[in-house]
Amino acid sequence: MHYKEYKSVNYAAIADEILEFWKQNKIFEQSIEVREGSPAFTFYEGPPSANGTPGIHHVMARTIKDIFCRYKTLRGYQVKRKGGWDTHGLPIELQVEKELGITKEDIGVKISVEDYNKQCRETVMRFTDQWNDLTEKMGYWVDLDDPYITYKNEYIESIWYLLKEFYKKGLLYKGYTIQPYSPAAGTGLSSHELNMPGTYKEVKDTSLTAQFKVKKSEKSDFLFEAAKGDNVYILAWTTTPWTLPANSALTVGKGIDYVLVHTFNPYTYLPVNVVLAKVLVNKYLSEKGHEGDFEGFEASDKKIIPWTVLAEFKGSELEGIEYEQLLPYVQPEAAAFRVIIGDFVTTEDGTGVVHTSPTFGADDFRVAQQNGIPPIMIKDETGKDVPIVDKRGRFVKEITDFALDYVKEQYLTDAEKETERQKQGRDKYLSVDERISIKLKTENKAFNVQKFDHPYPHCWRTDKPVLYYPLDSWFIRTTAMKDRLVALNKTINWQPESTGTGRFGNWLENAVDWNLSRSRYWGTPLPIWRSEDGEEVCIGSLEELKNGILHAQKDDALSIEQKQKNAYFLELLAENKEDLHRPFVDEVYLVSTSGKVMQRESDLIDVWFDSGAMPFAQWHYPFENKEIFDNSYPADFISEGVDQTRGWFFTLHAISGMLYDSIAFKNVVSTGLVLDKNGNKMSKRLGNAVNPFETLAQYGADPTRWYMITNAEPWDNLKFNVEGITEVQRKFFGTLTNTYNFFALYANLDNYKMTEFDRVPYERLPEMDRWILSKLNTLVKEVAEQYETYNPTKAGRLVQDFVCDQLSNWYVRLCRRRFWQGEMTENKQAAYETLQHCLVVVSQLMSPIAPFYGDWLYRNMTDCIREEAKAKRTHFLHESVHFTTWHEYDASMVDTDLEESMELAQRISSLVHSLRKIHKIKVRQPLQRVLIPVLSESTREKIRHVEEIIKSEVNIKAVEYLDDDSGILKKKVKPNFKVLGPKYGKDMKEVGNFINSMTGEQLKELEKSGELYTNSALATFSYLKLEDVEILTEDVPGWLVASEGGITVALDMTISEELRNEGIARDFVNRIQNYRKDNGFEVIDKIVISLYNNSEMLVNAIEANKEYICQEVQALSLAIVQDSPQDASQIEMDEFLLIVKVNVVK
RNA sequence: GGGCUUGUAGCUCAGGUGGUUAGAGCGUUACACUGAUAAUGUAAAGGUCCGUGGUUCGAGUCCACGCAGGCCCA
């Protein structure tokens, strides 16, 4: 026996078996070794975090990665894939805090930073075992023996190196971002803290609509013209009037409609022309005043303010208009006070114009930066730029009218309020907002002031309002190289393309500087040491740090304690026990060139920098492995979820682009989400998360992977339904396994063993074999194209369709007889060889997606000649399909004519089947002939080619052709719109009607002379050309016909006595075969049959076909007896009752 | 609110550059086959192609505006 036979297969068991084989023989390692010296295909693994358990979506994401690495190996590349772990970051910290029952505030108090980080380090690798287990079980090949781990010193050192490179290029700088800040507590708040319940409280604030006076310029001319040369103001609304001294721009929405309104200021009653959003006019001006009495206003009681619209325009027309500074206490360093466009402007509140102060609003900051608008800032005593409100929440002295006043009333104690009240000389303390309102009212700069209720965030510790306030941060100056990053991105092949051009491209175009700072504990420390007056050094290696310390130790600037701490760090270094995390690096003190003590900036860096640095840091570049790095940069391929667009994809791209003017990856597949079967997001909380281990154990890795890949394109979201996996199991894997088993069963019976030589030469192969080989080669070509363009879904579907429709349902089904009949002939050998070849190639084509099953099939097919192949150094010497090289597409084996012929055979057979069906004539009943109308000689030739196949497939004696000359063909003519369209355009209806109502005579004329005089009223349509129509046959008068897609078939339903007898004989054979089987006869058993003559018709039929029957059922004799035999069996046949005795001949 | 994306049969999905009768698999129903048989084949039923406008002789396909879902950002 050369081929293993399987009664039933369990795909999970196959995976286990193959996995064991892989482990025992180090197949993964070997798959890389066998490609030693071959060109490299580089893959970067986006590191997962092992602090959570893996989910089914990880199976999806990693299958994609695996597919292309395996495919490229088959294509002869060496594909090293180093695994990695992402180990830093907030999720880990939060998890540790939850487990220890502490908050961030407790770190350094209840638990030392050292212990806390120790805890993080342990927690982060907690589920590594589960991850490794999943990796194995799903068949994902990645090197987990030597992964990169982002918390390792070597990794961090490489990051420091990169940061220093940024620093040297002037791309790493200290700036600020607008963050929630509590002046009362003196600390910034995280978004996490801001999301705590009770943070947002309903408060009553002073809201103010200010009038910004427009300057005359080319851009604003149209406003002044409409206002007849008078003053023009832009109205902007704010709930924080204290930010108005920091205003440096006004933001409008580019698509919003604005109007210029002529009216009076409600406080000063001066005539004004104001700009605001069209839909908000009614919020400020009552309908009663519309087109009111301007002339009489001065004399009236001024209760109704008249107004009229002078002009209407889009926000985009306002862009660039300049205005006068509203409260000119502090001057900006560059040109400011312009109208800019922002995407966050709404017309829900206010005026549709947003007062913009870059120091006190996150949106404001961003939009100002994008438009080159400077913030309003002053210099502090050290010369540093600071905002006009200090860290305690008070105006700086430069804001003369309100110097040192708290901007929020709530920051004052009652006693302070009283003192202030006396200073103000009023009976009630007036807040800054109120006093600014009064000032603006009197200066004709306020258009509206009122109290406004709205929710406002409060500090959870002090209960006082939060300010949005600029806080120090370190940045990478992405904006400086934006254009280059955009240009580089255009050279990357994105799959799908829209993620690259749209989501990623747009994001790059609008990118702001990358904020690196995180004020946490467990992460890569920022390697910058800084003195109080701003001297700083960026450390790029351990060596540099060591030298820095040694240098500092000699300096008197350090205290004894500082020197002791430095000494301790040096000691650790000497013993190689250093830890580059906090708190250790924080206790290193350096000395600046001018002799000042420098301490490390306390920030950690964004964990995304960690992962984005992996091309370098995974190899500890440039300190080690320079050569390896050079050979594996940039990556040929990466893949992650589309949610990584602004995460890993961006940081990889930014670091490579900015430091090395290179892309980091050439091809990228961004994958969609895995949802539950109803399209909802999976979550542990909702309990609809699918456990990947259970799924793999129950269904097997191969069907699971196959289902995920072929069901939807990877970038579409996948609605994960296990029923889909069972379908894949049945449909694809079941069919393929059956096909294999069929092969194995007969090959073993025939003692056939694959040979790589002495094959039946191609020229002598039967049509059927040549056809499936042609299909196979076409398949190889198409599958390769799909893999090459990173379309695994289409690749899988192609393989699946080939296996199910062509190989199993057509080739094997129609060739069954060749396998089970007679001795080994050339024809039979050809069948074995052809099927064997198809199966082996399929095993390879499918192996990237279904690596276990592919290998299993390959090994089942080739194990029997392995030793021989090894000895002769031939194709199948490899013990795993994953070592093989891609089956070369052989164009000479592709015969498109033959493929078309066979397709005709399939379609014609299907039509005949359907006719039989309708008329209830079973396939076992032979029919005399089928008529096929053909209009061209080439079609006739193609069908003739496969006549035999059609005849046996549908049990018909003859195929006949009807051509035009027969005269009985009824033809149908249809307009060819594609041709007619350009010619006749809107006269199409008329032309169409003409064609549809053409007579047979006219059609004949058209066919004969190639054109037809139409006698149409349309001048352009006097002649109809042959190319303008499609001619088909649809009917054969007097016959039963079926047609579909241009093919028509007519079936002769006459059942002659001879045909009837044959039908009965075949039915009889069928019953005997069933009997043999039911009674457990062996396939090779010979039998003798005695049939009781209880029907003339039956016996006649059997006598007439006796030879045929005996051959089919392997009967040595078939006797008709006049008495019912003893122990006879009774078998039902359609119209007869068989009383028959069947005995095995021993 | 913005960027990107999806919407076709009960379910999962195909439907180059517009061409009039929109396909496949699963499921359902019926039938056939019975030496691939806990398989297999054939057929039938099943569709306001998310909606509304527009361009066009003609729109599932192109355009605009919506609706619903998703991701990211604010």
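Here is how names work: the chains are called A, B, and so on, in the same order as the sequence lines, proteins then strands, and each is numbered from 1.
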Novice: Return the value, rounded to whole Å, for the distance between atom CG of Leu736(A) and atom P of U40(B).
Specialist: 13 Å
Novice: At 4.0 Å (heavy atoms only), tell me whether Ser808(A) reaches a base, stays on the sugar-phosphate, or touches nothing.
Specialist: base
Novice: Tell which nucleotide pairs with A44(B), taking only Watson-Crick or G-U wobble pairs whose two distances are both under 3.5 angstrom.
Specialist: U28(B)
Novice: Please tabulate, for side-chain N and O atoms in residues 796-807 of chain A, each donor-acceptor pair with protein atoms closer than 3.5 Å (sequence neighbours left out).
Specialist:
{"unit_1": "Arg797(A)", "atom_1": "NE", "unit_2": "Thr710(A)", "atom_2": "O", "d": "2.9"}
{"unit_1": "Arg797(A)", "atom_1": "NH2", "unit_2": "Thr710(A)", "atom_2": "O", "d": "3.1"}
{"unit_1": "Arg797(A)", "atom_1": "NH2", "unit_2": "Asn711(A)", "atom_2": "O", "d": "3.1"}
{"unit_1": "Gln800(A)", "atom_1": "OE1", "unit_2": "Trp706(A)", "atom_2": "NE1", "d": "2.7"}
{"unit_1": "Gln806(A)", "atom_1": "OE1", "unit_2": "Gln906(A)", "atom_2": "NE2", "d": "3.3"}

Novice: Roughly how far, to the nearest 0.5 Å, is CE of Met768(A) from CG of Leu814(A)?
Specialist: 4.5 Å
Novice: Examine U34(B): is either OP1 or OP2 under 4.0 Å from a nitrogen or oxygen in the side chain of Arg924(A)? Give yes or no.
Specialist: yes
Novice: Just checking Asn721(A): base, sugar-phosphate only, or nothing, at a heavy-atom cut-off of under 4.0 Å?
Specialist: nothing
Novice: Any idea which of A36(B), U5(B), A14(B) is nearest the Arg797(A) side chain?
Specialist: A14(B)
Novice: Between A14(B), A36(B), C4(B), which nucleotide has the shortest distance from any of its atoms to the side chain of Ser498(A)?
Specialist: C4(B)
Novice: Find every protein N or O atom lying less than 3.5 Å from an N or O atom of nucleotides 41-45 of chain B, and list the pairs.
Specialist:
{"unit_1": "A43(B)", "atom_1": "OP1", "unit_2": "Ser910(A)", "atom_2": "OG", "d": "2.9"}

Novice: Both Glu727(A) and Gln1073(A) contact RNA chain B. Which one's nearest nucleotide lies toward the 5' end?
Specialist: Glu727(A)
Novice: Given 3.5 Å as the limit, does a donor-acceptor pair link the side chain of Thr501(A) with the main chain of Glu497(A), or not?
Specialist: yes
Novice: Between Phe650(A) and Trp608(A), is the ring centre distance below 6.0 Å?
Specialist: no
Novice: What is the distance from CZ of Phe733(A) to P of A39(B), rounded to the nearest Å?
Specialist: 17 Å
Novice: How many whole angstroms separate atom CD of Glu713(A) from atom C1' of C13(B)?
Specialist: 10 Å
Novice: Provide the distance between the two P atoms, one in U61(B) and one in G25(B), to the nearest whole Å.
Specialist: 25 Å
Novice: Can you tell me which nucleotide in A74(B), C4(B), A14(B) comes closest to the side chain of Asp716(A)?
Specialist: A14(B)
Novice: So if I define the base as every atom that isn't primed, P, OP1 or OP2, how would nucleotides 61-71 of chain B read as a B/S/- string at a heavy-atom cutoff under 4.0 Å?
Specialist: ---------BB
Novice: Take atom P in C33(B) and the same atom in U42(B), then report the distance between them in whole Å.
Specialist: 15 Å
Novice: Determine the Euclidean distance between corresponding P atoms of A22(B) and C49(B); express it in Å to zero decimal places.
Specialist: 11 Å
Novice: NA contact type, Arg730(A), heavy-atom cut-off 4.0 Å: base, sugar-phosphate, or nothing?
Specialist: sugar-phosphate
Novice: Nearest-Å distance, CD (Gln800(A)) to C1' (U12(B))?
Specialist: 12 Å
Novice: Could you tell me how far A64(B) sits from U55(B) if I compare only their P atoms? Round to whole Å.
Specialist: 15 Å
Novice: How about Phe720(A) and Tyr707(A): are their ring centroids closer than 6.0 Å?
Specialist: yes
